[in-house]
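Every chain is numbered from 1 and lettered A, B, ... according to where its sequence line falls, protein lines coming before strand lines. Just so we're clear, the structure is a prediction, and the values are computed from it rather than from any experiment.
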2 protein chains.
Amino acid sequence: MMADVAKLAGVSHQTVSRVLNGAPHVRPGTRDRVLAAIRELDYRPNSAARALVTRRSQTLGVVSFESTLYGPASMLDGIERAARSAGYFVSVASLRSLDARSVQEAVDRLRDQGVEGVVVVAPQTSAVSAVAKVSSSVPVVAVGSGARSSIPTVTVDNRSGAEAATRQLLDLGHRTVHHLAGPSGWLESQDRQEGWRRTLEAAGARVPAVAVGDWSARSGYEAGQRIAGLADVSAVFCANDHMALGLLRALHESGRPVPGDISVVGFDDIPEAAYFIPPLTTVRQDFGELGRRALELLVAELGGTDHPITRVQIAPEMVLRRSAGPAHRA
Amino acid sequence: MMADVAKLAGVSHQTVSRVLNGAPHVRPGTRDRVLAAIRELDYRPNSAARALVTRRSQTLGVVSFESTLYGPASMLDGIERAARSAGYFVSVASLRSLDARSVQEAVDRLRDQGVEGVVVVAPQTSAVSAVAKVSSSVPVVAVGSGARSSIPTVTVDNRSGAEAATRQLLDLGHRTVHHLAGPSGWLESQDRQEGWRRTLEAAGARVPAVAVGDWSARSGYEAGQRIAGLADVSAVFCANDHMALGLLRALHESGRPVPGDISVVGFDDIPEAAYFIPPLTTVRQDFGELGRRALELLVAELGGTDHPITRVQIAPEMVLRRSAGPAHRA
DNA sequence: CCCCGGATTGTGAGCGCTAACAGGCGGGGC
DNA sequence: GCCCCGCCTGTTAGCGCTCACAATCCGGGG
């Protein structure tokens with residue numbers, strides 16, 4: 001195919017290749033003739049042939065779990081955009097489950113396809129450790145997980161976000177803050193819970209037992225029904241906004257007004273959070289940025305002298321809305 | 001690389017290839033030796049080389065817009081899973097905007113990468129028509145759009161979903177039903193609006209002016225503030241759940257209880273809808289299934305005798321919850 | 001006027017794999 | 001006992017591109 005262009009332009013195939021790759025030392029006139037021939041024939045270079053000889057597929061892989069949720073979906077979006085502007089294609093592989101085998105399988109699949117690097121958007125402890133083992137032949141970075149692993153990681157500072165949320169509630173006069181945590185296998189859950197606990201301890205506040213959900217509104221609702229039955233609750237920090245939504249409804253149904261009786265703070269700041277009843281005070285996490293940074297990291301690792309293990313942390317930001325108010329019996 | 005395996009197994013590279021591709025006429029003993037050598041060397045076939053000679057990349061492309069929303073994200077997920085089980089990889093390209101040029105660009109990009117087919121998850125009128133023009137060299141199918149275009153399409157039956165929602169409200173005794181529509185460029189918006197209008201007309205009910213939103217909770221909230229000011233509103237059908245959420249809050253703030261004073265019905269049944277205040281009656285649309293079917297269609301088109309233009313429609317399903325109740329002044 | 005070095009272009013050799021076509025082996029039919 | 005025909009395996013060509021290495025052309029210095 002490239003030969004056709006060469007013939008039409010009256011040059012060798014190599015010159016066509018040079019024009020395509022922007023090599024130096026091509027006379028402007030020649031370049032123009034080649035370009036014209038390319039346009040004339042609507043020629044498109046064959047990426048497989050190029051990949052075969054250069055050993056570079058121009059493709060990066062993304063492993064993701066629960067990619068229908070807002071967070072993962074946004075990260076994927078951020079990754080794709082960043083990849084495009086860095087000149088890469090993006091191939092995705094969803095995980096069925098989060099066990100090590102499944103992660104292994106997805107990464108292998110991607111590798112077989114020839115990806116040059118992989119971003120893992122699977123913030124569960126088991127997944128991350130599984131990935132760490134796989135990193136053999138291609139660079140891997142993890143995103144969104146507060147990883148304590150041996151691979152480069154981009155994450156929001158969950159601990160400080162949780163601290164900010166808890167302190168906010170304490171500052172409003174609440175004696176203590178309850179916590180509705182995410183599932184235990186997730187690094188996010190652990191870090192947020194730790195941030196919450198520390199803040200309470202630092203303030204000398206009582207540390208109540210934590211409720212555990214699975215990130216879903218349903219689980220927040222169920223936990224909320226239990227929490228609504230407790231007399232001494234005046235503030236709850238939820239590990240994410242979806243659970244906060246469920247909690248809000250349970251509280252509403254149990255006749256415990258928010259923030260009049262109980263204050264609630266979430267985490268993530270999904271676009272809908274501002275429209276909950278009442279609008280949710282929460283901790284914003286910029287998922288798109290997270291994805292972008294992860295990709296930058298991966299590209300840097302691909303291109304460059306191998307850096308030491310890198311760990312990027314992005315600061316979250318508190319968003320104050322009406323769901324958190326002053327303590328009622330201060 | 002394949003040569004190494006061949007040498008170790010004491011066969012020719014072609015025999016290795018045969019084993020890899022499950023070709024017939026390979027003696028079991030030979031096959032085992034090859035397999036052992038493959039395992040021993042941890043050999044992985046080079047996909048670029050294979051793609052070069054077979055002219056098949058095993059890769060399908062997905063063009064998507066607003067992929068951070070629940071619907072598109074779920075479709076992408078469905079597509080990926082279906083693609084994997086059909087033996088394909090999936091490469092994604094997000095659109096920055098929905099104009100024809102942008103779509104063209106994304107499809108070209110994918111084509112340059114060598115995808116064998118493309119699924120477009122961009123349900124806007126302009127996008128679909130743009131895609132129809134591009135379909136030149138690779139098969140393309142659209143998903144999620146109520147396409148009236150020349151390309152194969154998988155979509156939910158938006159019209160009948162809207163009809164069901166509207167009739168439900170009418171059956172509850174409401175004299176008429178207001179409509180909060182999606183943005184005008186979207187096929188979904190148009191079909192849902194049409195279903196709503198028809199049902200009203202068929203029932204001899206007055207057809208109120210429609211409010212228009214942009215799918216976001218914010219736009220639903222703003223429209224809701226206006227609607228709350230209208231005295232004669234007793235039922236509202238929203239074109240999606242996010243807008244319904246915003247509407248619910250506006251109504252709540254304006255002291256118009258749902259469903260006591262006004263009934264609300266949404267569309268999509270996002271996982272959170274059951275936890276709105278009050279739980280949202282809505283029309284469920286199975287996005288994952290949509291994605292799966294789209295992929296099946298694409299694969300069929302790739303593999304087979306070219307079918308005529310196909311159009312798959314999936315029936316949506318009403319989900320009754322508390323946000324819609326009997327008319328108060330029947 | 002000839003030689004040299006940089007600019008410009010062409011030639012040959014694969015990248016790792018599959019497709020197409022041999023070739024070699026053994027058993028059944030005559 | 002010989003031939004034909006299935007099995008099984010090997011050999012030879014590329015797929016379309018880039019890389020390494022010439023080859024050619026040009027102007028200025030000696």
*Note: Glu105(A)-Arg109(A) ion pair, threshold 4.0 Å (strictly below)*: no
TODO: Rounded to 10°, tell me the angle between the two end axes of the helix from dC1(C)-dG30(D) to dC30(C)-dG1(D), each built from five pairs.
DONE: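 For the helix from dC1(C)-dG30(D) to dC30(C)-dG1(D), the axes at opposite ends meet at about 60°.
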How long is the gap from CG on Leu69(B) to CE on Met75(B), to the nearest 0.5 Å?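 These two atoms lie 9.5 Å from each other.
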Which side-chain N or O atoms in residues 57-66 of chain A pair as donor and acceptor under 3.5 Å with protein atoms at least two apart or in another chain?
unit_1   : atom_1 : unit_2    : atom_2 : d
Ser57(A) : OG     : Thr59(A)  : N      : 3.3
Ser57(A) : OG     : Gly114(A) : O      : 2.6
Thr59(A) : OG1    : Ser57(A)  : O      : 3.0

Within residues 45-58 of chain A, those residues having any heavy atom closer than 4.0 Å to DNA chain C are Leu52(A), Val53(A), Arg55(A)
Please list, by residue number, the residues of residues 12-43 of chain A whose heavy atoms come closer than 4.0 Å to an atom of DNA chain C; answer none if no residue qualifies.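 Of all residues in residues 12-43 of chain A, the ones placing a heavy atom under 4.0 Å from DNA chain C are Ser12(A), His13(A), Gln14(A), Thr15(A), Arg18(A), His25(A), Val26(A), Arg27(A), Thr30(A).
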Would you say [X]'s side chain and [Y]'s backbone share a donor-acceptor pair under 3.5 angstrom?
X: Arg33(B); Y: Ala9(B); value: yes
X: Thr30(A); Y: Val26(A); value: no
X: Ser189(A); Y: Pro183(A); value: yes
X: Thr153(B); Y: Ile151(B); value: yes

Next item on the list: Check salt bridge (charged side-chain N to carboxylate O under 4.0 Å, His left out) between Glu296(B) and all other residues, then give those that pass, not counting sequence neighbours.
Entry: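 Listed in chain order: nothing, the list is empty.
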### Message
According to side chain to side chain contact (heavy atoms under 4.5 Å, CB included), who are the partners of Ser97(B), at least two apart in sequence or on a separate chain?
### Response
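Ser97(B) satisfies side chain to side chain contact (heavy atoms under 4.5 Å, CB included) with Asp99(B), Ser102(B) once adjacent residues are dropped.
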Scan for salt bridge (Lys or Arg N to Asp or Glu O under 4.0 Å) pairs involving residues 9-19 of chain A, sequence neighbours excluded, and state none if there are none.
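Qualifying pairs, neighbours excluded: none.
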### Message
Please list all pairs meeting salt bridge (Lys or Arg N to Asp or Glu O under 4.0 Å) that have one or both residues in residues 74-84 of chain A, counting only residues at least two apart or in different chains.
### Response
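Qualifying pairs, neighbours excluded: Asp77(A)-Arg81(A), Glu80(A)-Arg84(A).
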Heavy atoms of Thr68(B) and Ser74(A) approach each other most closely as CB-OG, 3.8 Å
For Leu290(B) against Val156(B), the heavy-atom pair lying closest together
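Leu290(B) and Val156(B) have their closest heavy atoms at CD1-N, 3.9 Å.
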Name the pairs: protein N/O against N/O of nucleotides 22-26 of chain D, kept only if under 3.5 Å.
none

Tyr88(B) meets the ring-ring contact (aromatic ring centres under 6.0 Å, His included) criterion, sequence neighbours left out, with none
Quick note, ring pair (Phe, Tyr, Trp, His ring centres under 6.0 Å) partners involving residues 25-53 of chain B, not counting sequence neighbours, are none
5'-most to 3'-most nt of DNA chain C touching chain A (<4.0 Å, heavy-atom partner on protein side) reads dA7(C) to dG16(C)
